[in-house]
Amino acid sequence: MKRPGRKLTREDFADPKPTRAARFFLGKFLCVQAPDGYTEGMITETEAYGDHRDAACHGFGNRRTARTEILFAPGGVSYVYLCYGLHHLFNIITGPQDSPEAVLIRAVQITGGGEIVRQRRPGVAKKHWASGPGRVCTALAIGMHHYGSDLMGETIWIEDRGVKVPGREVKRTPRIGVDYAGTWAKKPWRFVWTPSSA
DNA sequence: CTCTCGATTAGCT
DNA sequence: GCTAATCGAGAGA
């Protein structure tokens with residue numbers, strides 16, 4: 001029997017340690033209600049960013065600008081930005097106010113709204129529908145209009161459906177594409193979950 | 001104002 | 001494996 005799932009609340013986003021938060025979101029469900037329909041996916045890959053000491057984090061050195069300001073909000077809102085002028089990347093803001101922590105969602109497994117995702121990713125194999133941070137946003141129709149969105153609302157939210165993610169199925173690696181961050185680039189802050197029974 | 005470059009992807013060799 | 005695509009944030013003058 002399929003339970004409806006528990007929508008995450010404030011305290012689920014409050015963890016001050018971004019690596020623990022990134023691990024926590026594996027197996028949770030990212031749900032998006034868009035104009036062309038509802039789609040959702042189970043989170044399978046994440047990366048941790050923050051706090052202000054992390055040279056790879058946009059909030060490094062407590063840099064506060066129009067773009068990075070949302071990083072300093074209390075956990076539970078969305079941070080979306082345009083990368084390489086082409087791709088949107090979606091982050092979950094975590095941790096306390098005035099400290100920049102975020103979890104980048106790098107991949108999800110589409111679990112609902114498959115027909116709509118198929119239209120959004122024409123000609124793409126299901127396997128690659130949302131395997132990559134830019135692809136996740138395309139598949140779930142996440143865009144700049146989600147910048148700062150409340151992740152506990154009715155448009156975009158996270159659910160816990162009781163999925164267990166065994167530690168043995170989670171691999172940790174350095175983060176992707178952050179070589180500019182020196183020693184911080186080497187930290188194993190990327191979490192990849194490969195379900196044994198996919 | 002100008003310049004650089006990025007938390008990537010898709011398509012081609 | 002290589003790289004074009006594509007544009008705004010951020011930094012410096």
Side-chain angles (χ1 to χ4, degrees), chain A residues 13 15 17-26 28 30 32 39 41 43-73 75 77-95 99-110 117-149 151 156 158 170-193:
Chain A
F13 299 103
D15 198 325
K17 193 174 175 185
T19 48
R20 196 164 50 201
R23 173 66 179 78
F24 169 75
F25 288 120
L26 291 177
K28 300 300 185 290
L30 174 56
V32 183
T39 51
I43 297 168
T44 58
E45 185 178 335
T46 59
E47 273 178 6
Y49 285 87
D51 52 22
H52 66 92
R53 293 164 295 186
D54 176 14
C57 180
H58 291 162
F60 176 59
N62 283 319
R63 179 178 58 192
R64 296 175 88 129
T65 66
R67 181 178 73 153
T68 67
E69 185 58 35
I70 201 67
L71 282 162
F72 297 86
V77 295
S78 159
Y79 171 41
V80 181
Y81 73 97
L82 186 65
C83 186
Y84 293 101
L86 295 164
H87 310 291
H88 289 98
L89 275 64
F90 169 74
N91 296 251
I92 297 169
I93 298 301
T94 59
S99 186
E101 287 95 13
V103 174
L104 170 70
I105 304 303
R106 290 193 60 87
V108 307
Q109 184 176 303
I110 299 298
V117 175
R118 188 187 305 279
Q119 291 171 19
R120 291 172 183 164
R121 310 231 345 108
V124 176
K126 183 178 292 190
K127 180 180 182 180
H128 295 129
W129 274 357
S131 60
R135 294 167 175 171
V136 168
C137 290
T138 301
L140 299 180
I142 295 171
M144 288 310 295
H145 55 286
H146 290 294
Y147 180 94
S149 289
L151 291 175
I156 180 168
I158 316 287
V170 177
K171 279 184 298 188
R172 294 185 63 162
T173 81
R175 293 172 291 182
I176 305 297
V178 295
D179 292 346
Y180 60 85
T183 59
W184 290 90
K186 297 184 172 62
K187 294 182 179 294
W189 285 10
R190 173 179 176 231
F191 297 78
V192 183
W193 175 35

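Naming: A, B, ... by sequence-line order, numbering from 1 per chain.
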- [ ] Answer yes or no: is there an ion pair linking A/Arg53 with A/Asp51, defined by an N-O contact shorter than 4.0 Å?
- [x] yes

- [ ] Just jot down the side chain to side chain contact (heavy atoms under 4.5 Å, CB included) partners of A/Leu82, sequence neighbours excluded, or say none.
- [x]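 Applying side chain to side chain contact (heavy atoms under 4.5 Å, CB included) to A/Leu82 gives A/His88.
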
Task: Pairs involving residues 120-143 of chain A, ordered by first then second residue, that meet salt bridge (charged side-chain N to carboxylate O under 4.0 Å, His left out) (sequence neighbours left out) - done: A/Asp36-A/Arg120

Open item on the list: Please convert DNA chain C into dot-bracket. A pair counts if it is Watson-Crick or G-U wobble with both distances under 3.5 Å; crossing pairs go in [ ] and bases paired with another strand get |.
Closed with: |||||.||||||.

Do any N or O atoms from the side chain of [X] and from the backbone of [Y] form a donor-acceptor pair under 3.5 angstrom?
X       : Y        : result
A/Tyr49 : A/Pro100 : no
A/Glu47 : A/Ile176 : yes
A/Thr68 : A/Arg63  : yes

Open item on the list: Which residues pass the side chain to side chain donor-acceptor pair (under 3.5 Å) test with A/Thr19, not counting sequence neighbours?
Closed with: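 Testing A/Thr19 for side chain to side chain donor-acceptor pair (under 3.5 Å), a comparison that skips the adjacent residues, returns none.
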
Task: A/Glu45 CD to A/Phe191 CZ distance, which is reported to the nearest 0.5 Å - done: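 A/Glu45 CD to A/Phe191 CZ: 11.5 Å, rounded to 0.5 Å.
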
- [ ] With rounding to the nearest 0.5 Å, note down the distance linking CD1 in A/Ile70 to OG1 in A/Thr65.
- [x] 11.5 Å

Task: Under 4.0 Å protein heavy-atom contacts per nucleotide of nucleotides 5-13 of chain B, with B for base, S for backbone only and - for none - done: -BBBSS---

Task: Spacing of the C1' atoms in B/dA7 and C/dG1 (rounded, Å) - done: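 It comes out at 22 Å once rounded to the nearest Å.
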
Task: 5' to 3' contact window, DNA chain C with chain A (heavy-atom distance under 4.0 Å) - done: C/dA5 to C/dA11

Open item on the list: Among A/Ile92, A/Ile142, A/Leu151, exactly one meets side-chain contact (heavy atoms from CB on, under 4.5 Å) together with A/Leu30. Which residue is that?
Closed with: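 Testing A/Leu30 for a side-chain contact (heavy atoms from CB on, under 4.5 Å) against A/Ile92, A/Ile142, A/Leu151 leaves exactly one candidate, A/Ile142.
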
